[in-house]
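Encoded as structure tokens, the structure appears first; notes follow it.
Note that these values count all heavy atoms, side chains included, but never hydrogens, waters or copies made by symmetry.
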Amino acid sequence: MTTAQQPENKGQQTRTVADLVEDIQALTTEIQELYCLDQIPWVVGYSGGKDSTATLQLVWNAIAGLPPEKRTKTIYVITTDTLVENPIVAAWVRNSLKQMKSEAQAQGLPFEPHLLQPEPKETFWVGLIGKGYPAPRGKFRWCTERLKINPSNRFIRDVIRASGEAIVVLGTRKAESTKRALRMKKFEAKRVRDRLSPNMNLPNSLVYSPIEDWQNDEVWIYLMQWQNPWGYSNKDLFAMYRGASADNECPLVVDTSTPSCGSSRFGCWVCTLVSQDKSLAAMIQNDEEKEWMQPLLDLRKELDAEENRERRDFRRRNGDVQLYERNLEGEISVEPIPGPYLKEAREDWLRKLLTVEKQIRQTAPENMRDITLITPEELSEIRRIWLEERHEFDDSLPRIYQEVTGEEFKDTRPGAGYSLLGSDEWTVLEEICEDDPMHLELMAKLLDTERQYRKMARRVGIYDTLENCFKTSSRSPEEAIKNAHLKRDLKTAIDQGDVKKVKQLTLGDAVDEGNNESGKQSNWASIKFKSNS
């Protein structure tokens with residue numbers, strides 16, 4: 001007797017191929033009944049991977065089995081392109097959606113594919129290069145929600161807004177991980193019916209997971225033995241997974257010690273939440289024709305390199321100095337939490353990214369020569385952030401773009417190229433400030449704040465904005481950090497009820513050290529511009 005798979009967890013019952021066939025038939029009937037039950041639209045999540053392909057294939061075949069007069073409900077197929085996807089997978093998905101749209105129309109089926117993308121202000125490169133966020137880490141995972149969750153949720157909310165409700169169809173499986181299994185088990189008690197759970201993130205929607213009990217090998221058997229209904233090759237999908245496996249193998253029938261191809265996971269090529277991009281590295285290793293992607297792997301390694309604090313601000317983005325306890329070889333050191341990348345570092349990342357894009361456009365296969373690593377809309381948003389939020393009116397982005405690409409940067413944002421202040425004024429300001437970065441920052445903020453308010457009929461808020469410039473940029477790094485330590489020690493003393501310590505910190509030596517000869521508390525401005533008399 002042929003087995004479809006071996007149990008992936010102890011105590012799990014082994015199913016035969018005949019059992020799998022029976023399950024597929026039962027699911028087909030279940031999908032048809034659920035679809036015809038009401039007028040609630042469906043949204044199928046499709047990533048191009050094996051699980052979402054198997055799920056969509058099940059739904060497609062089930063709906064195709066209904067008489068035309070019953071195919072009344074639109075089934076939206078949504079894919080989120082994070083703009084930093086593995087290029088091979090991204091091209092695969094885009095072509096699949098085109099084929100899907102064509103075949104749905106030809107077969108008279110209600111499938112409507114949509115390729116979603118994050119808004120320009122939420123993309124990976126706008127976060128890292130524009131705002132200066134460091135590469136994502138476990139404790140600062142700023143990318144997932146912006147790149148993947150928000151675009152999908154916006155689309156589903158629009159469907160709910162138009163129809164009142166929605167059913168979201170996903171290819172989630174309990175065998176993916178212990179964490180996934182526990183999460184799915186948690187929601188089973190709240191189910192409306194089998195495989196139909198409440199959506200905890202979006203009101204008025206349910207989640208339907210038809211293959212939740214399938215194992216990796218069952219997914220592959222289904223994809224290999226049942227033809228793809230929208231005319232895309234599941235064998236090519238299998239080959240793509242195999243090429244992304246370290247050993248270049250992808251067995252269908254395995255023993256308990258041999259994992260199936262499901263361990264190959266595709267994701268963002270810039271991802272630093274994993275120790276290494278095994279799938280991209282394996283693709284390059286297993287296929288000489290994919291060596292053109294090596295610069296992507298190299299840049300990703302740079303993003304994941306050991307933190308260089310000299311390239312990061314000592315303040316957070318809001319200008320505050322926040323302290324934390326850092327363990328250095330057994331010694332606890334209280335230090336500022338590193339903030340966003342400094343101007344020079346952000347410019348360096350932009351230059352490196354544009355250089356890699358130029359390089360792979362020259363070496364990629366003919367059908368991939370139009371690859372885009374960063375879009376014009378992202379570049380425009382980065383430029384806006386540097387100019388308007390960071391007050392870096394030297395406007396270095398167009399210059400860097402032309403230096404690397406040899407082409408003029410064309411910003412489609414209205415009025416983007418107009419400014420009273422520019423690189424000439426920035427150069428003069430650098431000379432005046434005599435290589436003092438904090439002095440330069442403060443002067444740039446003050447000048448640019450005045451520029452931003454000059455055309456307003458009512459300049460409400462300008463004094464608060466100017467005051468904030470002094471709060472965040474008028475102290476030297478050393479004095480700002482010292483002041484943060486003082487606040488921290490004072491808070492600790494208050495929490496502990498140490499009255500003596502509180503008096504010492506507020507009335508004693510700590511204050512005296514911050515006073516100048518006239519008895520006034522000193523700051524960066526008073527030191528920089530102190531009178532010679």
Side-chain angles (χ1 to χ4, degrees), residues 1-35 44-66 92 96 100 103 107 169-178 180-181 184-185 188 193-196 208-245 247-266:
M1 181 170 59
T2 306
T3 58
Q5 45 81 42
Q6 296 291 335
E8 297 187 13
N9 298 310
K10 290 183 178 180
Q12 190 172 18
Q13 186 177 1
T14 303
R15 296 203 306 183
T16 66
V17 172
D19 292 333
L20 177 62
V21 173
E22 185 178 340
D23 189 32
I24 291 169
Q25 292 171 343
L27 284 172
T28 299
T29 301
E30 179 180 281
I31 291 168
Q32 290 173 336
E33 291 176 350
L34 186 61
Y35 176 83
V44 182
Y46 174 72
S47 67
K50 68 183 193 313
D51 295 334
S52 64
T53 299
T55 301
L56 179 57
Q57 186 166 305
L58 271 173
V59 174
W60 188 294
N61 286 333
I63 303 306
L66 291 172
W92 167 274
S96 179
M100 203 180 295
E103 282 300 312
Q107 298 176 31
V169 186
L170 300 177
T172 52
R173 296 183 301 110
K174 296 174 183 175
E176 288 181 76
S177 67
T178 303
R180 175 62 59 85
M184 295 178 74
K185 186 74 174 176
E188 283 184 7
R193 55 180 286 178
D194 289 345
R195 290 175 282 276
L196 196 62
Y208 179 49
S209 47
I211 65 168
E212 62 178 23
D213 294 317
W214 286 23
Q215 303 300 314
N216 285 338
D217 304 313
E218 291 178 313
V219 174
W220 282 120
I221 287 175
Y222 175 61
L223 291 175
M224 293 299 101
Q225 299 301 320
W226 277 259
Q227 187 175 358
N228 186 294
W230 58 91
Y232 222 52
S233 173
N234 287 340
K235 290 183 179 179
D236 287 346
L237 176 64
F238 179 79
M240 187 165 65
Y241 268 85
R242 182 179 59 192
S245 300
D247 54 5
N248 203 20
E249 293 183 2
C250 199
L252 287 184
V253 181
V254 295
D255 56 29
T256 54
S257 63
T258 308
S260 80
C261 210
S263 59
S264 297
R265 287 186 176 272
F266 302 110

Minimum heavy-atom distance between [X] and [Y], given as atom pair plus value:
X      : Y      : value
Ile31  : Ala62  : CG2-CB, 3.6 Å
Ala54  : Tyr222 : O-CE2, 3.5 Å
Leu66  : Tyr35  : CD1-CD2, 3.6 Å
Leu20  : Glu218 : CD2-O, 3.9 Å
Pro210 : Val169 : CD-CG1, 4.1 Å
Pro229 : Gln57  : CD-CG, 3.4 Å

Nearest 0.5 Å please: distance from the CD1 atom of Ile211 over to the NZ atom of Lys174.
-> 12.5 Å
To the nearest 0.5 angstrom, please state how far the CG atom of Leu27 sits from the CG atom of Asn61.
-> 12.0 Å
Report yes or no: do Tyr232 and Thr53 form a side-chain donor-acceptor pair below 3.5 Å?
-> no
Whether Trp60 and Trp230 hold their rings parallel, tilted or perpendicular, with breakpoints at 30° and 60° = tilted
By salt bridge (charged side-chain N to carboxylate O under 4.0 Å, His left out) - contacts of Glu30 (at least two apart) | Arg195
Check for a donor-acceptor pair, side chain of Ser209 on one end and backbone N or O of Thr172 on the other, with a separation under 3.5 Å.
-> no
Do [X] and [Y] touch side chain to side chain, with heavy atoms closer than 4.5 Å?
X      : Y      : result
Arg173 : Asn216 : yes
Asn234 : Trp226 : no
Leu170 : Thr55  : no
Trp92  : Leu237 : yes
Thr28  : Gln32  : yes

Intermediate values then yes/no, side chain to side chain contact (heavy atoms under 4.5 Å, CB included), Leu56 and Met100 = CA-CA 11 Å; Leu56 179 57; Met100 203 180 295; 3.6 Å; yes
Arg15 and Trp214: side chain to side chain contact (heavy atoms under 4.5 Å, CB included), yes or no, with the steps?
-> CA-CA 10 Å; Arg15 296 203 306 183; Trp214 286 23; 3.7 Å; yes
